[in-house]
Each structure stands twice: as structure tokens, then as C-alpha cells.
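A, B, ... follow the sequence lines: proteins, then strands. Residue 1 opens every chain.
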Number of protein chains: 2
Amino acid sequence: MSPCCEYPMTDSLSDRSALAATDESAPKRADVSRQQILTVAATLFCARGYAGTSLRDIGAAVGMKAGSLYYHFASKEELAAEVLRIGVERVHQAVEARLRTLGESASLRGKIEGAIAAHLETLWLESDFTSAHIRCIHTAPPSVRNSLHQVRRDYETVWRNLIGEAARASLLPPEAEPTAVRLAILGALNWSLEWSDPGRHKPEEFARTLAASFIREG
Amino acid sequence: MSPCCEYPMTDSLSDRSALAATDESAPKRADVSRQQILTVAATLFCARGYAGTSLRDIGAAVGMKAGSLYYHFASKEELAAEVLRIGVERVHQAVEARLRTLGESASLRGKIEGAIAAHLETLWLESDFTSAHIRCIHTAPPSVRNSLHQVRRDYETVWRNLIGEAARASLLPPEAEPTAVRLAILGALNWSLEWSDPGRHKPEEFARTLAASFIREG
DNA sequence: GTCTATAGCAAGATAGAC
DNA sequence: GTCTATCTTGCTATAGAC
């Protein structure tokens with residue numbers, strides 16, 4: 001699976017331009033903690049939902065008191081918004097990386113099968129950020145959902161384009177409607193969280209079945 | 001859409017056999033309240049999740065105080081388990097009713113398309129019980145989930161049989177695996193909660209796309 | 001950066017009046 | 001059957017010591 005970019009932690013909390021001698025590659029302590037908090041929060045939000053996860057739970061899992069989290073995040077909502085944002089960013093990047101790897105020469109069915117596999121790999125194998133997004137997006141507070149509208153639309157565009165292209169090339173089943181196909185594929189992928197067992201299921205196998213069902217050979 | 005059976009409220013809290021003169025068809029006050037609580041709880045659990053819904057919220061929505069709910073249910077978990085159980089029961093019954101209506105003479109694709117449509121109609125149009133089940137099953141407490149294992153398996157069997165039959169009749173796409181097809185269909189259906197807008201989307205249209213993609217004409 | 005301590009509030013649940 | 005009142009616990013968030 002393609003390695004996923006780490007979330008860039010350049011919050012520019014302090015002006016480091018005046019300290020040119022400092023090793024820029026050494027992560028600062030606050031950044032390490034912030035990253036740990038995000039990772040643990042992703043796991044817990046994914047497993048218990050937004051309301052079911054308390055800041056005490058998250059703090060305990062990183063060896064901190066709940067109050068200490070406020071040094072890194074202004075509120076539970078801000079922390080959740082960040083976790084969920086990273087979640088979309090990661091699938092989006094994984095899918096685009098896969099499409100780049102395949103290149104323009106690949107068949108359209110090959111590209112869609114690859115995009116499906118990349119989405120599944122991120123969801124099943126890589127991290128809990130994307131899973132947390134899928135599990136929490138509906139019950140998260142409005143402020144969190146609103147902050148994610150744009151990134152969600154950006155990722156959706158990738159699929160809109162892929163399926164649109166397949167429709168124009170007449171590669172969808174005769175009676176299938178393009179929008180319905182897109183929604184069905186993404187639904188099958190996201191719902192796979194409820195049954196997937198990375199020990200038993202292989203992303204490529206499910207990707208094969210989906211691509212073979214929705215997209216004709218081009 | 002086929003009318004769905006009301007949940008039978010025969011809790012036999014009191015022995016009515018000694019009161020033969022009483023009109024058996026008149027619902028008792030407790031039963032009316034209980035039913036109102038369940039309906040409202042389904043709506044709120046569906047919208048806000050298990051942990052995000054308080055007994056105070058539910059009470060307020062039925063015009064009661066939180067404490068009064070304990071006359072009808074022993075705990076929040078018991079209330080949630082009942083709501084979610086009714087949710088599976090309703091889709092299950094709707095799908096079986098549709099299959100009975102179609103009869104044995106229907107084509108296999110016709111039966112599967114009908115089952116898909118019936119599942120969607122229950123989810124989108126009929127009530128919030130099934131939606132609440134789908135939204136809450138993962139984050140609900142273990143005791144709730146455990147109490148639902150059997151009913152969930154019972155409903156799953158309907159689909160296992162339908163897709164198995166299609167596989168034996170060689171009606172699945174060449175490279176598609178039967179289990180994957182079943183999981184993909186149910187995933188696409190359940191995830192439709194996240195995008196469906198009963199004003200804009202018609203259950204039969206989405207059902208048509210899914211059946212046409214996964215099942216060949218028999 | 002993380003702690004202790006706590007404010008302020010809401011949760012699930014129970015007891016007893018009506 | 002429903003209410004009032006309350007217990008206990010847990011929550012988010014803040015203030016200030018270290």
C-alpha cells in the first residue's frame with residue numbers, strides 16, 4: 001500500500017526563523033504529544049463514537065489528565081474536527097496516489113478497481129482516522145460537520161469524475177444510473193467497516209467483485 | 001409499500017383473563033405511552049446516536065420527565081435494545097412480505113430487486129426504528145449488541161439464501177464472489193441513510209441500478 | 001507541557017408523593 | 001402512570017501551581 005503522508009504539524013506556534021541554528025527536522029515535544037493525542041482520539045472516536053468518547057478517556061490513553069489536552073486543542077470539537085479532517089485527507093491522498101501510480105495508460109476499469117482498493121486499504125489497514133470519520137461524521141456536532149464540508153466535497157469529486165468518465169464511455173451496466181453507481185460503490189466501501197476483518201478479507205478481492213459488477217471491461 | 005406489523009405489546013403485565021368483559025381491542029394507557037416512547041426514542045437515537053441521546057431528551061419529546069420512563073423500561077439500555085430490535089424486525093418483515101407478494105413465479109433478479117426495494121422503503125420512508133438500528137448498532141453498549149445477535153442473523157439469512165441461489169444459477173458477474181456481493185448490496189443499502197432524500201430519490205430507482213449491476217437476467 | 005483542583009452542569013437512576 | 005426531588009457520577013472546560 002502506498003505510504004500515507006503524515007499530517008503536517010506546522011502550526012507556527014512560535015517563530016523559528018530567528019533560530020536558524022536549530023535542527024528543523026527534530027520534532028518538538030508539543031508536536032509529539034499532539035500527534036499522540038490525535039492518534040489515540042481517532043481510535044477511540046472510531047470505537048465509541050463522538051459522544052461516547054470522553055476527554056478523560058483520551059487523556060488516560062495517552063497518559064495525561066483531561067485538562068492537559070487543552071494545551072493542544074481549544075475544545076473537544078476542535079480535536080474531533082482535526083481527527084476527522086485527517087481522515088478524509090488520508091483516503092483522498094491514498095486514492096490519488098494510486099491513480100498516479102497506475103498512470104494514464106491504465107484501463108478505466110483498472111483505475112476504478114485501483115481507487116476502490118486504495119480506499120479499502122486506508123480504511124482497513126492504515127489507521128483509524130478515516131474510520132473515525134466514517135463512524136462519527138453523522139453524530140458529531142454541527143460545527144465539526146460544517147468544517148468538513150469542503151474536504152468531503154473535494155474527495156467526492158474524484159469519484160464523480162471516475163464514474164462520469166465510465167458513464168461517457170458506456171462502461172456502466174445498461175440500466176444503471178451514474179450517480180447511483182457512485183453512491184453504491186462508496187456505500188459498500190464505507191459500510192465495509194462493519195464487517196471487515198483484515199485477517200480474513202483482502203482489499204483487492206472485494207475491489208475485484210465491485211469493479212467487475214459495476215464497470216464493464218473497456 | 002407493504003404495511004408493517006405493529007410491534008406486539010403483549011407484555012402480560014396484568015392478568016386480563018379474569019376481566020372477560022373488558023374490550024380487548026382498546027389499548028391500555030401504559031401501552032400507548034410505551035409506544036410513544038419507543039417511537040420518539042427511535043427518532044432521537046437515529047439522529048444523535050446512543051450516547052448523544054439522553055433520557056431527558058426522550059422524556060421531553062413525549063412530554064414526560066426522565067424518571068417516568070423507568071415505569072416503562074428498566075434502563076436506557078433496555079429501551080435502546082427494544083428500539084433496535086423492532087428495527088430489524090421491521091425490515092425483515094417488509095422484505096419477506098415483498099417476496100411473498102412476488103411469489104415463486106418471479107425471476108430471481110425480480111425477487112432480489114424487490115427485496116432491495118423493500119429494504120430501502122423501510123429505511124427511507126416507513127419509520128426511524130430501522131434507521132436507528134443501523135446508526136446505533138456499533139456504538140451501543142455490549143449488552144444491547146449481544147441481545148441483537150440472533151435477530152440480525154435471522155435477517156441476514158434471507159440475503160444469504162437469495163444471493164446463494166443467484167450464485168448457483170450463475171447469475172452473478174463472472175469475477176464476483178457471492179459473499180462479497182451480499183456484503184456490497186447490504187452495505188450500499190445501509191449507507192444510503194447518509195445521502196437519501198425521500199423527496200429526490202426513489203427506492204425503485206436505486207434498486208434498479210443495484211439489481212442490474214449485481215444480478216444478470218435469469 | 002502537564003499537573004491539581006474545581007467550577008458548572010448534565011447524565012442515569014431511585015424513592016416516595018400524588 | 002407521572003411528578004418532584006435527589007443521589008451519585010461523569011462530563012467539558014478553566015485557573016493557577018510547578
Side-chain angles (χ1 to χ4, degrees), chain A residues 9 11-14 16 22 26-41 44-45 47-84 136 139-144, chain B residues 9 11-14 16 22 26-41 44-45 47-84 136 139-144:
Chain A
M9 291 168 296
D11 262 350
S12 65
L13 290 169
S14 61
R16 279 189 283 172
T22 309
K28 294 189 301 183
R29 184 178 169 199
D31 289 343
V32 172
S33 289
R34 185 188 160 94
Q35 193 65 26
Q36 281 180 337
I37 293 166
L38 286 167
T39 304
V40 154
L44 293 177
F45 281 141
R48 308 179 193 173
Y50 178 83
T53 303
S54 72
L55 295 180
R56 283 171 161 83
D57 294 336
I58 297 172
V62 294
M64 263 185 199
K65 294 299 178 183
S68 307
L69 299 175
Y70 285 86
Y71 177 82
H72 302 278
F73 300 93
S75 66
K76 183 183 181 181
E77 296 192 5
E78 191 190 285
L79 167 57
E82 186 69 345
V83 168
L84 270 50
C136 295
T139 47
S143 79
V144 174
Chain B
M9 293 169 293
D11 263 349
S12 65
L13 290 168
S14 61
R16 279 189 284 174
T22 308
K28 294 189 301 180
R29 184 178 170 199
D31 289 344
V32 172
S33 290
R34 184 187 160 95
Q35 193 64 27
Q36 280 180 337
I37 293 166
L38 286 168
T39 303
V40 153
L44 292 177
F45 282 140
R48 310 180 193 173
Y50 177 83
T53 303
S54 71
L55 294 180
R56 285 170 163 82
D57 294 336
I58 297 171
V62 294
M64 264 186 198
K65 295 298 176 183
S68 308
L69 300 174
Y70 285 86
Y71 176 81
H72 302 277
F73 300 93
S75 65
K76 183 184 180 182
E77 297 193 5
E78 191 190 286
L79 167 55
E82 186 69 345
V83 168
L84 269 51
C136 295
T139 46
S143 78
V144 174

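Candidate nucleotides C/dT2, D/dT12, C/dA13 were compared by shortest atom distance to the side chain of B/Tyr70, and C/dA13 ranks first. Proximity note for A/Ser54 (side chain, C-beta onward) versus D/dA13, C/dA13, D/dC11: the nearest is D/dC11. Nearest nucleotide to the side chain of A/Met64, out of D/dC3, D/dT6, C/dC3: C/dC3.
Closest-nucleotide positions on DNA chain C for B/Leu55 and A/His72 were compared, and the one nearer the 5' end corresponds to A/His72. Both A/Ala66 and B/Lys76 lie near DNA chain C, and the one whose nearest nucleotide falls closer to the 5' end is A/Ala66. Between B/Gly67 and B/Arg29, the residue anchored closer to the 5' end of DNA chain D is B/Arg29, taking for each the nucleotide with the nearest heavy atom.
For B/Ser68 (side chain) and B/Met64 (main-chain N/O), no donor-acceptor pair under 3.5 Å exists by modelled atom type. A/Thr139 places no side-chain N or O within 3.5 Å of a backbone atom of B/Arg48 that could act as its donor or acceptor partner.
Here A/Tyr71 reaches the OP1 or OP2 of C/dG1: one of its side-chain N or O atoms lies under 4.0 Å away. Dashed line: the shortest gap from a side-chain N or O of A/Arg56 to OP1 or OP2 of D/dC11 is under 4.0 Å. Dashed line: the shortest gap from a side-chain N or O of A/Ser68 to OP1 or OP2 of C/dC3 is under 4.0 Å. Between A/Ser33 and C/dT2, a side-chain N or O to OP1/OP2 separation shorter than 4.0 Å is present.
Geometric assessment of A/Lys76 against the ring of A/Tyr70 yields a negative cation-pi assignment under the 6.0 Å and 45° thresholds.
Counting only heavy atoms from C-beta outward, the side chains of B/Ile37 and B/Arg34 never approach each other to under 4.5 Å.
Contact annotation for A/Gly63: backbone-only contact, meaning every heavy-atom pair under 4.0 Å involves sugar-phosphate atoms and none involves a base.
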